[in-house]
Trainee: 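What follows is a structure written as structure tokens; I'll ask about it next.
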Amino acid sequence: MTTSRGHVIVVGAGIAGLSTAWALTRRGFRVSVFEQGAIPNPRASSYDEHRITRHAYGTLEGYAYLMPRAFALYETMFRDIGARHFLPGSVVYFLRDAVDWYEPVSRTMTALGKSFFDIPLAEIPDRFPMVETQDLTRVVETTEGGMLFPIRILTDLTVWLGNNGVTFHSDARVSDIDPEAGTLVANGETHRADRIVIAAGAWVNKLTPLVEETVVASRQAVFYLSPPAEYVEAWKTVPVMIDLGTESGTYSLPPKNGTRLKIGDHVFTRAGDADGDRIATEADLARLNRAARLAYKDFGRYQVIEKKICFYTTTRDDSEEFQVKPWAGKAWVVSACSGHGFKLGPLIGDSVAAAIGGERSDAETMRLTAGRMTPEEAAALG
Ligand SMILES: Cc1cc2nc3c(=O)[nH]c(=O)nc-3n(C[C@H](O)[C@H](O)[C@H](O)COP(=O)(O)OP(=O)(O)OC[C@H]3O[C@@H](n4cnc5c(N)ncnc54)[C@H](O)[C@@H]3O)c2cc1C
């Protein structure tokens with residue numbers, strides 16, 4: 001790889017920042033990564049045992065059409081780092097009341113040629129003995145999804161980047177960015193580059209006013225659990241499960257490949273400060289606790305191993321569109337909004353690198369990353 005294409009500083013070593021560094025390095029840019037903590041940083045949104053990946057995207061249809069490209073880019077990344085930190089499998093959805101989900105999923109999965117089918121309700125107690133069957137109206141299994149293993153991905157990606165010439169600045173909190181000059185200040189020193197990419201996760205509004213009106217940090221709680229004895233074997237066999245009930249809405253990642261059972265929800269708090277503590281209080285967990293008791297039998301008997309707080313950004317409105325925008329002459333701001341940014345990390349990083357490399361216009365890059373491409377345009381991405 002050459003280093004003749006210019007110098008890019010990436011601020012933030014989560015999946016968005018490291019993927020951008022990866023995609024830029026592959027294109028022959030010289031890259032420096034500035035991270036306020038360790039690389040990778042346990043306080044980053046990206047740092048966790050598992051993340052869901054899937055083609056079924058509910059009403060966010062534009063993102064469903066990007067998923068084939070997102071999966072393909074992960075495979076490229078796995079080849080580079082020499083490890084496939086992915087467990088392919090189904091994602092099963094439990095519907096309990098009227099939600100606008102089946103119709104858009106049916107449309108997008110059909111268009112993508114991905115299989116999805118109903119599981120007869122009579123089969124649920126046998127295959128999913130831990131699931132509360134009361135109020136279930138429909139259960140849908142979608143294939144070709146699975147679990148990504150983020151801590152391992154971030155770690156191996158960091159090693160690959162270091163081996164491929166990237167300069168790391170850990171414990172280097174960036175305090176000031178001049179997007180016209182291409183300079184920033186970290187630990188009292190000024191650094192200069194041809195371009196600066198701000199991939200600061202839930203801290204983004206502390207570094208730039210560009211997306212302040214659109215995105216907000218959101219404090220989210222999750223449970224890590226040890227199930228009661230009678231459900232242990234079943235949890236080993238079930239795939240990723242998502243309950244779409246209005247009151248029971250939860251997502252569950254089973255304990256597989258060296259991970260723990262995790263249950264969370266997708267109700268945004270749109271509150272909190274990413275510099276704050278990371279231990280969930282009873283108040284943080286109140287809604288999730290209620291929902292999990294409706295979604296799972298005997299939830300009160302699960303042992304809590306960890307009550308964790310994680311921060312991501314989400315949009316102030318309900319669009320959940322990623323905010324990926326050029327800022328003045330020399331900077332890009334990258335904000336992967338809501339809880340769906342990990343599966344799209346390499347796609348976002350590759351898109352920003354393509355824009356910096358002049359392969360795609362700024363406007364097209366913003367449209368792509370906001371999930372606004374037509375199915376035909378998304379298919380043409382490869
Ligand atoms: C509980 C939970 C469950 C989720 N589940 C899923 C899922 O199943 N599937 C999915 O696809 N996505 C999921 N997500 C969302 C996904 O994890 C995020 O969208 C994604 O990780 C965001 O990555 P990022 O790189 O933008 O931010 P981060 O990972 O937060 O990285 C930002 C980095 O920037 C650094 N930084 C910030 N400010 C500065 C500064 N001033 N100077 C230097 N460094 C700085 C931070 O320390 C951090 O390391 C989930 C998120 C959470 C919290």
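It should be emphasised that the depicted structure is a prediction, and the values quoted were computed from it without experimental measurement. Remember, it's 1-based here, ligands and their atoms both numbered in the order they're listed.
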Trainee: Report the part of His340 (side chain from C-beta onward, or backbone N, CA, C, O) that has a heavy atom under 4.0 Å from ligand 1; answer both or neither where that applies.
Mentor: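 Answer for His340: backbone.
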Trainee: Using a strict 4.0 Å threshold on nitrogen-to-oxygen distance, state whether Arg79 and Glu75 make a salt bridge.
Mentor: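 Between Glu75 and Arg79 there is no salt bridge, as every charged N stays at least 4.0 Å from the carboxylate O atoms.
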Trainee: Which protein heavy atom lies closest to atom 34 (O) of ligand 1, and at what distance to 0.1 Å?
Mentor: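 Scanning the protein heavy atoms, the shortest distance from atom 34 (O) of ligand 1 goes to Gly12 CA, 3.1 Å.
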Trainee: Under 4.0 Å from ligand 1, counting heavy atoms only, is it the side chain of Thr313, its backbone, both or neither?
Mentor: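 Under 4.0 Å from ligand 1, Thr313 contributes no heavy atoms.
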Trainee: Between Phe116 and Tyr93, is the gap from one ring center to the other below 6.0 Å?
Mentor: no
Trainee: Does Ala13 come within less than 4.0 angstrom of ligand 1, counting non-hydrogen atoms of the residue?
Mentor: yes
Trainee: Going by distance only, is there an N or O of Gly339 that falls short of 3.5 Å from an N or O of ligand 1?
Mentor: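 By distance alone, the answer is yes.
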Trainee: Compute whether any side-chain donor of one residue and acceptor of the other, for Thr374 and Glu377, lie under 3.5 angstrom apart.
Mentor: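 Thr374 vs Glu377: donor-acceptor pair found between side chains.
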Trainee: Within ligand 1, which atoms have a heavy atom of Asn41 less than 4.0 Å away?
Mentor: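 So the answer, numbered in order with elements, is 47 (O), 49 (O).
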Trainee: Using side chain to side chain contact (heavy atoms under 4.5 Å, CB included) as the criterion, point out the one residue from Val211, Ile177, Val10, Leu210 that pairs with Ile198.
Mentor: Ile177
Trainee: Examine Phe311 against ligand 1 and note whether any of their N/O atoms are separated by less than 3.5 Å.
Mentor: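 Between Phe311 and ligand 1 (N or O atoms, distance only) the closest approach is not under 3.5 Å.
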Trainee: Side chain or backbone of Ser335 under 4.0 Å from ligand 1, or both, or neither, by non-hydrogen atoms?
Mentor: neither
Trainee: Other residues, nucleotides and ligands only: do more than 12 of their heavy atoms fall within 6.0 Å of CD on Glu230?
Mentor: yes
Trainee: Under 4.0 Å from a heavy atom of Ala172: which atoms of ligand 1 are those, numbered in the order shown and with their elements?
Mentor: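 Checking each atom against Ala172, I get 42 (N), 43 (C).
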Trainee: Phe342 versus ligand 1: do any nitrogen or oxygen atoms come within less than 3.5 Å of each other?
Mentor: yes
Trainee: Would one find an N or O of Ile52, backbone or side chain, under 3.5 Å from an N or O of ligand 1?
Mentor: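 So ligand 1 has an N or O lying under 3.5 Å from an N or O of Ile52.
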Trainee: Taking only Lys NZ, Arg NE, NH1 and NH2, and the carboxylate oxygens of Asp or Glu, determine whether Glu49 and Lys262 approach each other closer than 4.0 Å.
Mentor: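 No.
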Trainee: Which residue holds the protein heavy atom closest to atom 38 (N) of ligand 1, what is that atom called, and what is the gap in Å?
Mentor: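 Checking every protein heavy atom, the shortest distance to atom 38 (N) of ligand 1 gives Trp203 CB, 3.4 Å.
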Trainee: Distance to the ring centre below 6.0 angstrom and angle to the axis at most 45 degrees; does that hold for Arg54 and Tyr57?
Mentor: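 Relative to the ring axis of Tyr57, which defines the angle, Arg54 lies inside both limits.
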Trainee: Should Ala16 be counted as touching ligand 1, given the test is an N or O pair under 3.5 Å?
Mentor: yes
Trainee: If the plane angle is over 60° it's perpendicular, under 30° parallel, otherwise tilted; pick one for Tyr296 and Trp235.
Mentor: tilted
Trainee: Is there at least one pair of N or O atoms, one from Glu35 and one from ligand 1, spaced under 3.5 Å apart?
Mentor: yes
Trainee: What do we get for Tyr47 next to ligand 1 when only non-hydrogen atoms under 4.0 Å count, side chain, backbone, both or neither?
Mentor: neither
Trainee: Applying side chain to side chain contact (heavy atoms under 4.5 Å, CB included), run through Tyr251 and Ile52 and close with a yes or a no.
Mentor: CA-CA 9 Å; Tyr251 61 84; Ile52 304 166; 4.0 Å; yes
Trainee: At a 4.0 Å threshold, what atoms of ligand 1 neighbour a non-hydrogen atom of Ala199?
Mentor: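 Those of ligand 1 that fall under 4.0 Å from Ala199 are 32 (C), 33 (C), 34 (O).
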Trainee: Please state which protein non-hydrogen atom is closest to atom 36 (N) of ligand 1 and give its distance, to 0.1 Å?
Mentor: Gln36 NE2, 3.5 Å
Trainee: Val174 to ligand 1: N or O pair under 3.5 Å?
Mentor: yes
Trainee: Give a yes or no on whether a salt bridge exists between Glu141 and Arg127, defined as a side-chain N under 4.0 angstrom from a carboxylate O.
Mentor: yes
Trainee: Do you know which of Thr246, Thr133, Asp243 makes side chain to side chain donor-acceptor pair (under 3.5 Å) with Arg96?
Mentor: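 With Arg96 as partner, Thr246, Thr133, Asp243 yield a single side chain to side chain donor-acceptor pair (under 3.5 Å), made by Asp243.
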Trainee: Are any of the N/O atoms on Ser46, whether in the backbone or the side chain, positioned under 3.5 angstrom from an N/O atom of ligand 1?
Mentor: yes
Trainee: Can you sort out which atoms of ligand 1 are near Tyr251, meaning under 4.0 Å from one of its heavy atoms?
Mentor: 1 (C), 2 (C), 3 (C)
Trainee: In the protein, what heavy atom is nearest to atom 11 (O) of ligand 1, and what distance, to one decimal place, separates them?
Mentor: Lys343 N, 2.8 Å
Trainee: Suppose we call two aromatic rings close when their centres sit under 6.0 Å apart. Are Phe71 and Tyr74 close by that rule?
Mentor: no
Trainee: Any N or O on Gly341 sitting closer than 3.5 Å to an N or O of ligand 1?
Mentor: yes
Trainee: I'd like to know if Asp273 pairs up with Lys206 as an ion pair, taking the criterion as any Lys NZ or Arg NE/NH1/NH2 lying under 4.0 Å from an Asp or Glu carboxylate oxygen.
Mentor: yes
Trainee: Counting both backbone and side chain atoms, is some N or O of Arg51 under 3.5 Å from an N or O of ligand 1?
Mentor: yes
Trainee: Please state which protein non-hydrogen atom is closest to atom 53 (C) of ligand 1 and give its distance, to 0.1 Å?
Mentor: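 Closest protein heavy atom to atom 53 (C) of ligand 1: Cys310 SG, 2.2 Å.
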Trainee: Going by the side chain to side chain contact (heavy atoms under 4.5 Å, CB included) test, name the single residue among Val131, Ile119, Leu95 that passes it with Val139.
Mentor: Ile119
Trainee: Cut-off 3.5 Å, side chains only: do Asp362 and Thr365 have a donor facing an acceptor?
Mentor: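 Not at all, the side chains of Asp362 and Thr365 share no donor-acceptor pair under 3.5 Å.
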Trainee: If we set the cut-off at 4.0 Å for heavy atoms, which region of Ser338 has an atom near ligand 1: side chain, backbone, both, or neither?
Mentor: backbone
Trainee: Using a heavy-atom cut-off of under 4.0 Å, does the side chain or the backbone of Tyr312 touch ligand 1, or both, or neither?
Mentor: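 It is the side chain that gets close, since no backbone atom is under 4.0 Å.
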Trainee: Taking atom types as modelled, is there a side-chain donor on Thr25 or Asn164 under 3.5 Å from an acceptor on the other?
Mentor: no
Trainee: Using heavy-atom distances only, which candidate in Gly201, Gly14, Ser45 approaches atom 18 (C) of ligand 1 most closely?
Mentor: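 Looking at heavy atoms only, Ser45 sits closest to atom 18 (C) of ligand 1.
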Trainee: Quick check on contacts: which atoms of ligand 1 are under 4.0 angstrom from a heavy atom of Val222?
Mentor: 1 (C)
Trainee: Which ligand 1 atoms does Arg173 reach within 4.0 Å, using its non-hydrogen atoms?
Mentor: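 So the atoms of ligand 1 that pass are 41 (N), 42 (N).
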Trainee: Are Phe128 and Pro239 packed together at the side-chain level, in the sense that at least one heavy-atom pair is separated by less than 4.5 angstrom?
Mentor: yes
